[in-house]
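The structure appears right after this line, and notes come after that.
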Protein chains: 2
Amino acid sequence: MNVSVTIKDVAKKAGVAPSTVSRVISDSPRISEKTKRKVRKVMDELGYHLNYNGRVLVSQSTQTIGIVTKVSSDHFFENPFFSELLRGISDACHEQDYSMYLTTGNTEEAIFQEVVKMVQGKRVDGVLVLYSREDDQVVPFLRESSFPFVVLGKPVDRPGETMYVDNDNVQASKEMTRYLIGLGHERIGYVGGNSQFEVARDRLEGYRAAMKDQGLPIDEKWLKNDPSDKQDPDQIVEQLLVLEKIPTALIFTDEYNALTVMRSLSRRGVSIPEQVSIAAFNNTVVSRLADPPLTTVDTQAIQLGHESASSLIDLLKRPDMVKKSMIIPTRIVERESSCRLERNTQKKA
Amino acid sequence: MNVSVTIKDVAKKAGVAPSTVSRVISDSPRISEKTKRKVRKVMDELGYHLNYNGRVLVSQSTQTIGIVTKVSSDHFFENPFFSELLRGISDACHEQDYSMYLTTGNTEEAIFQEVVKMVQGKRVDGVLVLYSREDDQVVPFLRESSFPFVVLGKPVDRPGETMYVDNDNVQASKEMTRYLIGLGHERIGYVGGNSQFEVARDRLEGYRAAMKDQGLPIDEKWLKNDPSDKQDPDQIVEQLLVLEKIPTALIFTDEYNALTVMRSLSRRGVSIPEQVSIAAFNNTVVSRLADPPLTTVDTQAIQLGHESASSLIDLLKRPDMVKKSMIIPTRIVERESSCRLERNTQKKA
DNA sequence: TTCTTTTATGAAATCGATACCATAACCAGC
DNA sequence: GCTGGTTATGGTATCGATTTCATAAAAGAA
């Protein structure tokens, strides 16, 4: 193992020059079939394998993309949404023979430093940023360095100059809200996420727009935004249940929040979906396995991951390409956590 | 960005030799403070950053570990257990300034080829194999190449010669079985996993041993092993419910299987935990969020990942070290999915 | 047959950083 | 003042593969 067979060893044994061996490796048409056969035979005999690093140095390309995630404390990692994203990314990379370099860190600063290191050190050819957030250092840094990158999510600023892959979250949220309105719901609550993230803002906007379009008022007490992980689902439920008119439907941007609140509701004797319909985003395995299974917006995580990675690789292969962005369609998956509102139930509530 | 500043540029501008710059980078004590200051100033001015690949080539070390997972079709990826593992691995790598190279593939052959490529191409310094399975090509290949590797899970053969990190799954399964027996259960069913994997065999063994120790008979109809993903939870439940004496407790090696079976049970009016207690392995976020929350064996995924990665890195730093293995302790986390069996309920069933 | 063109291959520089060996400068000791 | 020993730094080969330029050999044209 320590004794590595190099291109020179092969060359010597085959009685040719190293450059010839190199040309055999890349299957150059300028080498005769006879020589190719001879060299390949020697490569087999010696157990030669291309040393990847030698090639990297001269070709100035690592065939590797860097993946930047949120800080680990956001529990992004533990979410199957992340896993599915990663699955899609991974598939795309393998199709194109690229590899992935994963970044993680417990603080934003640590992540930023990692990114700087991998960019400056030319450890990766391009970067895939798996979030879009206000006050982020990473994207501006990549822009300033004119380093190739793709954002998964709509960039906070200058979307025209930035390649990104995203769902239309405003639209998706509108559709989900309309779907619930279509089921007869008028008091629809919304439990969102940290509004630093573009995705949270978009979805809230879509919800508000849909309500407004249909002439339905929003009571700000139905909105529970920015639920940090410390926030207690029981607390959310309590705050909702003391209202004179409680919402008959709730939209969650996070499936886990939906589950915990659902559990809290059913413990207080609120039946789902009869008394409160529940809807959420992402449609991972979590929604499928919930009891009752969740009605969700399928954001197509695997495809999101796949498209973002392959867009990045396209960009790397043709650096002058136009910076096209991509919107992955969503669709609503109806399951048992939501149902048509019975008029009498509504009156009673 | 395209114009890279190299060590030579710095040397020229600072009026020193490239070797001196290299020594400044590694903060060698043989260079005077005055020269160091001068060189560092120039590095700043030119915006110099170490090119990682140049170093890799000469040092013959990539500071990268390869991570080998099961085939993606096993849904290992979508499981939060995997995410937590990855989180632990990632933390350990960052502590030691290593990076991770992720392998995936849809077939075993594809994964094997990936491993060969990264080992032969010297793309990584060592490999972390996240499973232990019969008829696996990867581990024998690594052994034969005497390439440094660590297995997460007990190796199928020659455990003495192999570094691994694992729980004591036999013991953990015994304890869980005893725990249920301690709650008064005598008819305990077991829904396991693909017995190609060492972990599945160990847990089944533990369950059998605990039952035997306590003089409790096992009806083979209580055992549902090897539930491939296609297997229907409803089918499992039907097969159990037609039995004259249905089990009063069920142990699952997979949390997802536990959830689907639980749902199927409650749809048929079987109440959990009053009529059937449920217990599972892994204690990821899934168990916490289930309704009712699952009693589980906490296998400490984050720590498993952390220890396996740092063991591998230790091995890389000191190749002659003794191949120590490591057992991560487990503990039972009691939640509402299991309860003491009421005598009358048992008689009735 | 001789000259030109094409084809197949070799020699050597290169990518960026490191490390060994050499050496100039300086100081101490006699 | 000369020798010997440090100390700080320079010169250069090296890691493994690629690539440009050069050239020998073969093929085709005159």
Side-chain angles (χ1 to χ4, degrees), chain A residues 1-40 42-43 46-64 117-125, chain B residues 1-40 42-43 46-64 117-125:
Chain A
M1 197 229 98
N2 285 321
V3 280
S4 316
V5 181
T6 76
I7 211 169
K8 283 180 190 164
D9 301 321
V10 176
K12 195 180 291 169
K13 177 135 186 230
V16 298
S19 44
T20 303
V21 178
S22 175
R23 281 186 274 251
V24 172
I25 291 170
S26 57
D27 201 23
S28 156
R30 308 194 59 87
I31 298 292
S32 68
E33 278 308 318
K34 201 178 114 204
T35 309
K36 279 184 186 171
R37 268 197 302 278
K38 183 175 64 182
V39 171
R40 288 196 180 118
V42 173
M43 297 200 310
L46 295 179
Y48 169 80
H49 278 273
L50 180 73
N51 181 310
Y52 175 78
N53 299 304
R55 171 181 284 185
V56 161
L57 191 55
V58 50
S59 68
Q60 299 287 37
S61 139
T62 59
Q63 298 272 112
T64 302
K117 212 164 73 182
M118 72 187 188
V119 168
Q120 310 273 31
K122 300 219 174 14
R123 215 164 161 145
V124 299
D125 292 349
Chain B
M1 198 230 99
N2 284 322
V3 280
S4 314
V5 181
T6 76
I7 212 169
K8 283 180 189 163
D9 301 320
V10 175
K12 195 180 290 170
K13 178 139 185 226
V16 298
S19 44
T20 302
V21 178
S22 175
R23 282 187 273 249
V24 172
I25 291 170
S26 58
D27 201 23
S28 156
R30 308 194 59 88
I31 298 293
S32 68
E33 278 308 318
K34 202 177 113 203
T35 309
K36 279 184 187 171
R37 269 196 303 277
K38 182 175 67 182
V39 171
R40 288 195 180 119
V42 174
M43 296 200 312
L46 295 180
Y48 169 81
H49 277 273
L50 179 74
N51 182 309
Y52 174 78
N53 298 306
R55 172 181 283 186
V56 163
L57 193 54
V58 51
S59 69
Q60 299 287 36
S61 138
T62 59
Q63 296 272 113
T64 301
K117 212 164 74 181
M118 74 188 187
V119 168
Q120 311 273 31
K122 301 220 175 10
R123 217 162 160 147
V124 299
D125 292 348

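In what follows, every chain begins at residue 1, and chains take the letters A, B, ... in the order their sequences are listed. Computed from heavy atoms alone, side chains included, the values below leave out hydrogens, waters and symmetry copies.
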Heavy atoms under 4.0 Å is the rule here; annotate nucleotides 21-28 of chain C 5' to 3' with B where the base is hit, S where only the sugar-phosphate is, and - elsewhere.
--------

Encode nucleotides 22-27 of chain D as B, S and - characters from 5' to 3', where the letter depends on protein heavy atoms closer than 4.0 Å: B to the base, S only to sugar-phosphate, - to neither.
------

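When heavy atoms are screened at a 4.0 angstrom cut-off, B/Asn53 is found touching no nucleic acid atom at all. Counting non-hydrogen atoms under 4.0 angstrom, B/Gly121 reaches nothing in the nucleic acid. Contact annotation for A/Val16: backbone-only contact, meaning every heavy-atom pair under 4.0 Å involves sugar-phosphate atoms and none involves a base.
Recorded end-axis angle for the helix from C/dT1-D/dA30 to C/dC30-D/dG1 stands at 60°, based on five pairs per end and rounded to 10 degrees.
OP1 or OP2 of C/dT18 sits under 4.0 Å from a side-chain N or O of B/Ser22. OP1 or OP2 of C/dA17 has at least one side-chain nitrogen or oxygen of B/Tyr48 nearer than 4.0 Å. The phosphate of C/dG10 (OP1 or OP2) has a side-chain N or O of A/Thr20 nearer than 4.0 angstrom. The shortest distance between the side-chain N/O atoms of B/Gln60 and the OP1/OP2 oxygens of D/dG16 is below 4.0 Å.
With sequence neighbours excluded, no residue forms a side chain to side chain donor-acceptor pair (under 3.5 Å) with A/Ser22. Among residues two or more places apart in sequence or in another chain, the salt bridge (Lys or Arg N to Asp or Glu O under 4.0 Å) test is passed with A/Lys38 by none. The salt bridge (Lys or Arg N to Asp or Glu O under 4.0 Å) test applied to A/Arg37 returns no partner, not counting sequence neighbours. Listed by chain and residue number, B/Thr35 satisfy the side chain to side chain donor-acceptor pair (under 3.5 Å) test with B/Ser32 (two or more places apart in sequence, or in another chain). In this structure, B/Lys8 has no side chain to side chain donor-acceptor pair (under 3.5 Å) partners at least two apart in sequence or on a different chain. Residues satisfying the side chain to side chain donor-acceptor pair (under 3.5 Å) test with A/Ser61, not counting sequence neighbours, are A/Asp125.
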Side chains of residues 11-19 of chain B: which donor-acceptor pairs under 3.5 Å do they make with residues two or more places apart or in other chains?
unit_1  : atom_1 : unit_2  : atom_2 : d
B/Lys13 : NZ     : B/Glu45 : OE1    : 3.1
B/Ser19 : OG     : B/Arg23 : NH2    : 3.4

Enumerate, atom names and distances included, each donor-acceptor pair closer than 3.5 Å involving a side-chain atom of residues 50-58 of chain A, sequence neighbours excluded.
unit_1  : atom_1 : unit_2   : atom_2 : d
A/Asn51 : OD1    : A/Asn53  : N      : 2.7
A/Asn51 : OD1    : A/Gly54  : N      : 3.2
A/Tyr52 : OH     : A/Thr62  : O      : 2.1
A/Tyr52 : OH     : B/Arg123 : NH2    : 3.1
A/Asn53 : ND2    : B/Lys122 : O      : 3.1

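A donor-acceptor contact under 3.5 Å links the side chain of A/Ser19 to the base of C/dA11.
DNA chain D lies under 4.0 Å from no heavy atom of any residue of residues 28-37 of chain A.
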